[in-house]
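When a ligand or atom number is given, it counts from 1 through the structure's own listing order.
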Amino acid sequence: MSVPTFEQARARVEELRREIRHHDYRYYVLDSPEINDAEYDELMRELRRLEELYPQLVTPDSPTQRVAGVPSEAFGTVVHSSPMLSLDNAFSPEDLLDFDRRVRSLLGGEQPEYVAELKIDGLSVALHYELGRFVRGATRGDGERGEDVTANLRAVRSIPLVLHPPGGMVAELEVRGEVYMPVEAFRRFNREREEKGEPLFANPRNAAAGSVRQLDPRITAGRPLDTFIYEIRRWAPDPAPGTQWEALEMLGRLGFKVNPHRRHCRDINEVIDYCRHWAEHRHDVGYEMDGAVIKVNSFDQQRRLGATTHHPRWATAYKFPAEQATSRVRDIIIQVGRTGVLTPTALLDPVRLAGATVSRATLHNEDIIREKDVRIGDTVIVQRAGDVIPEVVAVVREKRTGGEQEFHMPDRCPVCGAEVVRLPGEVAVRCTGVACPAQLKEQLIHFASRDAMNIEGLGPAIITQLMDAGLVEDAADLYYLKYEDVVKLERMADKSARNLLEAIAATRDNPLHRLMYGLGIRYVGEKVSRVLADHFGSMDALAAAGQEELTAIPEIGPKIAASVVAFFRQEQTHRLLEKLRRAGIKMEERRAVPARESPLAGKTVVFTGTLESVGRKEAEELVAFLGGRSSGSVSRQTDYVVVGANPGSKYDRARELGVRILTEEEFRRLVGLV
Ligand code: IVH
């Protein structure tokens, strides 16, 4: 074949992309392909060849660019256009009737229609489209801010990069939905990991979340992820659909995958039917659901109902009853946790439960064992609600043979042999060993975990090996590990050893709150550690704080304060911190610019025209961060007008009023970005 001219190539590229998009849609969204894999591959090959021949033809929305870009260091933050709220829960038909009564009374007696949908157990995401093209995707995060996972979501094939025709007319679209891993794909995926000796995911939801939160989009691309989109959050310009039912239909027309098992219900009784039906049939579809979501259909009614700070008043989640199974207690063993708590755990005959095989269940503590009278050899009912660890609910007494054995908590730690104590007022029994390997191991797992220091690749298996080899005795030792030591560990090749050391080293400059959380101070969770890091700004300042100073902080109560003070009184703590400091771990927080010193403190800024380096919204956030205010119009009170490309009338107005005008470059210099 002769080499096509640029014009010929351009025409053919467009045709190929249209075809490939169509087949992607048939395959990934509708689940009904029209061509076979070989034919599809041939189209892709031809497109790739033409794009290689004329690289100018490559556009970000080309099907060849689903997996593009380089692995990033960390995810950027996306501030959600409106908070991604969670839902209030209903656990019974009565709760649903209550919900309906509340809704009707708030609507002044109007009878609402409802839409009932499956509550997919995955990871919620927000997807942004501009002029019909996918531009940004984010995780829910804490509801206010999520992580920018655009590159990874591009690799999820049921997410359209280009919307179907009605979408091209939509200037701005934000939709929300769920990314999940189908159950069968999850099993296969975990089996493959097992063969490779990689850690397994506990359930499809964790697997989906872990896959979306990969720094390398190529990894996400290899994971069997799918989506259901269930909400139109922003739609400009109007008119947007007026009801949830229409919104779901519209989402389907735009090319999104929308769950087919939805129902338009005229009243709450139809909703209850729907919930009953799906509680029984939840395993009939190939993905996990943990309930149903009930929404008031009319958007006008939704607006009138509004939301509390946590959840909308126009929706509720009906949670399916926890699933239960029967098994036999083979033995009761003790697990020692991070803070030394001894948790009795039942070893069970393996049993299928909620789509997984369960062979252990927690018994929580001795009081509960006595209360439920669980004995070794007993037949018991176990349940797993959501992804929590299975627990023993009750003993089936009729099955007792008399040969069952009572269990008693040991008075020494089964791991280190130290004495155990039960503190007054506590149900938990604790190991008093200062160097208990079981505690240390859990502490290290916590230290490396995602919300703490987030050391990628350092999971329980490697931590155990490091400890067994005598290479680490505390968290600080991780930073002194040498290549020669690490490469000797089982299943550690040259590359993985280097990766691990790099991952560890990369956490030296972590924000302070991660380190504070990673230390595992009792009652200091993720949120509290942020508060402390923010307030004190350095580890030393926190260590020096007394009970009073701590309780003066609104979020800190006496219990947390006492725990913090006690923690920093320990000799061991000081040794650990000293060692971490010597290892070069950052112990201070970079603060937001104090209002006084900020170049924009108290200043009013107006933006006009298109900025090149940042979006308008980010620029406005930056102004707010620096203590300034951004405004939409120019007046004598305006301090700066920042002018981007193709400025509007604000530019003229600024000149008229003699307001200080800055180019984008000057603005960046002013705020210290360059
Ligand atoms: S609507 C204002 N619809 O459940 C909240 N959520 O507890 C809008 N979820 O974070 C959520 N399937 O991750 C909605 N069909 C569905 C859903 C669904 C799953 C998840 C979602 C959300 C959580 C709410």
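The nearest non-hydrogen atom to atom 1 (S) of ligand 1, considering only Lys295, Arg176, Met289, His311, comes from Lys295. For the residues Gln244, Lys319, Glu178, Arg205, the heavy atom positioned nearest atom 9 (N) of ligand 1 is part of Glu178. Between atom 12 (N) of ligand 1 and the options Asp121, Ile120, Leu248, the minimum heavy-atom separation is to Ile120.
With a 4.0 Å cut-off on non-hydrogen atoms, Lys119 touches ligand 1 through its backbone as well as its side chain.
For atom 10 (O) of ligand 1, the closest heavy atom belonging to the protein is Ser124 OG, 3.7 Å. Protein heavy atom closest to atom 7 (O) of ligand 1, with residue, atom name and distance, is Leu87 N, 3.3 Å. In terms of protein heavy-atom proximity, atom 8 (C) of ligand 1 is closest to Glu231 OE1, 4.0 Å. For atom 22 (C) of ligand 1, the closest heavy atom belonging to the protein is Tyr230 OH, 4.1 Å.
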Between Arg530 and Glu589, does the salt bridge (Lys or Arg N to Asp or Glu O under 4.0 Å) criterion hold? Intermediate values first, please. CA-CA 11 Å; Arg530 281 179 195 269; Glu589 197 72 278; over 6 Å; no
Are Tyr517 and His446 close enough, and set up right, to give a side chain to side chain contact (heavy atoms under 4.5 Å, CB included), and what steps lead you there? CA-CA 9 Å; Tyr517 177 57; His446 172 75; 3.4 Å; yes
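Each of Asp121, Leu118, Ile120 was evaluated against Glu288; a single residue qualifies, Asp121, per the side-chain contact (heavy atoms from CB on, under 4.5 Å) test.
The closest approach between a heavy atom of Asn89 and any atom of ligand 1 is not below 4.0 Å.
With respect to the salt-bridge test (charged N to carboxylate O, under 4.0 angstrom), the residues Glu130 and Arg133 do not qualify. Between Arg188 and Glu192 there is no salt bridge, since no side-chain N of the basic residue sits under 4.0 Å from a carboxylate O of the acidic one.
Near Glu117, with a cut-off below 4.0 Å to any heavy atom, the atoms of ligand 1 are 3 (N), 15 (N), 16 (C). Interface atoms of ligand 1 facing Pro312, defined by a heavy-atom separation under 4.0 Å, are 2 (C).
Applying the side chain to side chain donor-acceptor pair (under 3.5 Å) rule to pairs touching residues 242-258 yields Glu117-Gln244, Asp226-Lys257, sequence neighbours excluded.
Residues Leu161 and Ser62 approach most closely at CD1-O, 4.2 Å, considering heavy atoms.
Annotation: Val293 places no N or O atom under 3.5 Å from an N or O atom of ligand 1; distance criterion only.
Using a 3.5 Å distance cut-off with no hydrogens or angles, the side chains of Thr150 and Asp148 do pair a donor with an acceptor.
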